[in-house]
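Here is the structure we will look at, set down as structure tokens.
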Number of protein chains: 2
Amino acid sequence: MAPERATAQVAVDCVVFGVQLALPDHPDADDRLMVLLVERGPAPFAGRMALPGGFVLAGEGLKAAAERELVEETGVKLTYLEQLYTFGAPARDPRGRVLSVAWMALVRPSAHQLAPDTDAADARWVPVAEAPPLAFDHDTILATALERLRGKVRWQPIGFDLLPPRFTLTWLQRLYEVILEQTFDKRNFRRKVLKTGLLVDTGDRLTGVPHKPPALYAFDRDRYERLQTSGFSFEL
Amino acid sequence: MAPERATAQVAVDCVVFGVQLALPDHPDADDRLMVLLVERGPAPFAGRMALPGGFVLAGEGLKAAAERELVEETGVKLTYLEQLYTFGAPARDPRGRVLSVAWMALVRPSAHQLAPDTDAADARWVPVAEAPPLAFDHDTILATALERLRGKVRWQPIGFDLLPPRFTLTWLQRLYEVILEQTFDKRNFRRKVLKTGLLVDTGDRLTGVPHKPPALYAFDRDRYERLQTSGFSFEL
DNA sequence: TCAAAAGTGTTATGGTTACACCCATGA
DNA sequence: TCATGGGTGTAACCATAACACTTTTGA
């Protein structure tokens, strides 16, 4: 008697990190690394927080499923999810064999309205440092994503989707400091990011601040996209 | 009428890279980066070369399935497969919805006997540069693995499983040159690898060579494992 | 004695780190 | 005038890159 091939349901789960800096438009934002979680309605794990996600539909691609579930459960619409890892321990879901293909992204919370479609889900940004124990093996997924995020940030430019179109170098520095949980020397940070050629000085300055008005920069989109592929090293 | 959840079969495929340097024990080895392929027996793609792999069994973990299929189809027994990526385009397998969780490894061919268990498979090492068009989307999987391998090698030590327990620095250098398809300066290479503290001079020399007998080194296993996690930079 | 690979050191360059003060503004 | 963050330069150190000759052996 030959052993059975596994037939599995396929789920996707999304680890969406968010950083909302306290900028002029959101002066009282919580300056920490957040993750987007939903509260589960149905069993199993009813009432627990979980990563947004759900089952892949017949004929649907994996990434498309992740994007769809994210919109349905949170209202967040993304197009640049990156595949993280696939979790497939036989007993990871009490309902039966369910694989989860996990995806991740990094966004600016204020650029997205939380508007879950399904009544099941109550979507919230939660500081990563304060995330409660999650449903299924989502703690492991989150930990894996965090490790990947911190590695990735040292290799690839970030900020395009996390900052307004024009921003100060101090904001960019704060972004890195929040994500990497370390501080950088202002002069060295500036030298380094300016040397990438990633930033364009718009010539304008931020006004209305009770100190010397800082210069506003923008990303050079072409160069940004090239550096996303080719990478650079970001040690400070 | 709600759309159907997909139920999929789950496959694993293994990209096993091999480098067989021309060392004293294998003086006429083919000094190139190889990949382990099998010839498919059954349809679809009967007669085509493919990555070794197959279906996950009920109750079986993903990595365990990859290890099992690799032994069954090629006789190669590994314990350090690394998950690469999950391929799940709806039409990637003509038989129906089949996800493939791909795994990769880098080994020394001479350390493994090719002894496929199943009559279906004829296992062979093929130079990556000469791989024929493969079954399913295995060309894409191979390309993804190659890219990942070249990135990884600049970050993590390699060689433990690719060289004999005691080896010369020239062999180690050749290994890097074969994998990265570039040459390095001998003096700079030595300085760099010795500085990692990864290598221990055994005090012995290789004898019987028609030139100055080279020193034999070994890996410091502890340090090797620590560097596998923490990493280093390998630019020459 | 020849062929083959081993082994070795220096210099120029550029990146990294550490560090402190003056500037422009709004209140 | 004060508080706040913006903005700037230098020196010491270390890593990298480029480069050529002598040594040891077996045949």
Side-chain angles (χ1 to χ4, degrees), chain A residues 21-24 26-29 31 154-155 163-164 166-178 180 182-218 227 231-236, chain B residues 21-24 27-29 31 154-155 163 166-178 180 182-218 227 231-236:
Chain A
L21 295 180
L23 309 183
H26 292 258
D28 48 359
D31 230 13
R154 298 176 170 284
W155 237 123
L163 292 169
R166 305 186 331 151
F167 52 88
T168 73
L169 292 185
T170 300
W171 300 351
L172 184 62
Q173 179 172 347
R174 282 244 295 294
L175 191 57
Y176 274 91
E177 291 178 339
V178 166
L180 292 174
Q182 64 183 260
T183 59
F184 298 109
D185 177 88
K186 190 171 28 162
R187 283 168 290 193
N188 295 340
F189 183 89
R190 280 158 191 253
R191 232 200 317 278
K192 183 110 191 193
V193 297
L194 289 173
K195 190 163 50 64
T196 63
L198 200 60
L199 300 175
V200 189
D201 187 339
T202 63
D204 293 338
R205 287 170 177 277
L206 184 68
T207 56
V209 287
H211 52 73
K212 181 167 173 179
L216 290 169
Y217 288 82
L227 283 181
F232 61 89
S233 137
F234 203 91
E235 305 295 336
L236 292 166
Chain B
L21 295 180
L23 308 183
D28 47 358
D31 231 12
R154 296 174 171 287
W155 237 125
L163 292 169
R166 306 186 330 150
F167 51 87
T168 73
L169 292 185
T170 301
W171 300 351
L172 184 62
Q173 181 173 344
R174 281 243 294 293
L175 192 56
Y176 273 91
E177 291 178 339
V178 166
L180 293 173
Q182 65 184 258
T183 58
F184 298 109
D185 177 87
K186 188 168 34 158
R187 283 167 290 192
N188 293 339
F189 183 88
R190 279 160 191 251
R191 231 198 319 279
K192 182 109 191 193
V193 297
L194 288 173
K195 189 163 51 63
T196 62
L198 200 61
L199 301 175
V200 188
D201 187 338
T202 63
D204 294 339
R205 290 171 175 276
L206 183 68
T207 54
V209 287
H211 54 74
K212 184 168 173 178
L216 290 169
Y217 288 82
L227 283 182
F232 61 91
S233 137
F234 203 91
E235 306 294 336
L236 293 166

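Convention: sequence-line order gives letters A, B, ...; per-chain numbering from 1.
The two atoms that bring A/Arg154 and A/Gln182 nearest to each other are NH2-NE2, 2.9 Å, heavy atoms only. The nearest pair of heavy atoms linking B/Trp171 to B/Leu21 is O-CD1, 3.3 Å. The shortest non-hydrogen separation linking B/Phe189 to B/Leu169 is CE2-O, 4.0 Å. Between A/Leu216 and A/Thr202, the shortest heavy-atom contact is O-OG1, 2.7 Å. Closest heavy-atom contact between B/Asp185 and B/Asn188: OD2-N, 2.9 Å. When all heavy atoms of B/Asp31 and B/Val178 are compared, the closest pair comes out as O-CG2, 3.3 Å.
Take the nearest nucleotide of DNA chain C for A/Ser233 and for B/Arg191: the residue whose nucleotide is more 5' is B/Arg191. Residue whose closest nucleotide on DNA chain D sits further toward the 5' end, between B/Pro210 and A/Arg190: A/Arg190. Residue whose closest nucleotide on DNA chain D sits further toward the 5' end, between A/His211 and B/Lys192: A/His211.
When the side-chain contact (heavy atoms from CB on, under 4.5 Å) test is applied to A/Pro213, the partners found at least two apart in sequence or on another chain are A/Arg205. A/Lys186 pairs by the side-chain contact (heavy atoms from CB on, under 4.5 Å) definition with A/Gln173, A/Arg190, not counting sequence neighbours.
Between A/Leu194 and A/Leu199 the shortest side-chain heavy-atom distance falls below 4.5 Å.
Atoms CG and OG1, on A/Leu175 and A/Thr170 in that order, are 12.5 Å from each other to the nearest 0.5 Å. A distance of 8.0 Å separates CZ of B/Arg174 from OG1 of B/Thr168, quoted to the nearest 0.5 Å. From B/Phe232, atom CZ reaches atom NZ of B/Lys195 across 10.0 Å, with rounding to the nearest 0.5 Å.
Interface limits on DNA chain D: the 5'-most and 3'-most nucleotides within less than 4.0 Å of chain A heavy atoms are D/dA3 to D/dT10. Put simply, chain A comes within 4.0 Å of DNA chain C, heavy atom to any atom, from C/dT16 to C/dG26, going 5' to 3'.
At the heavy-atom level, A/Lys186 lies under 4.0 Å from base atoms of the strands shown. Counting any heavy atom pair closer than 4.0 Å across all strands shown, B/Thr168 reaches no nucleic acid atom.
From one end of the helix from C/dT1-D/dA27 to C/dA27-D/dT1 to the other, with five pairs defining each end axis, the axis direction shifts by 0° (rounded to 10°).
Using cut-offs of 30° and 60° on the angle between ring planes, the pair B/Phe234 and B/Tyr176 is parallel.
Contact check of residues 193-207 of chain B against DNA chain D (heavy atom, cut-off under 4.0 Å) returns no residues at all.
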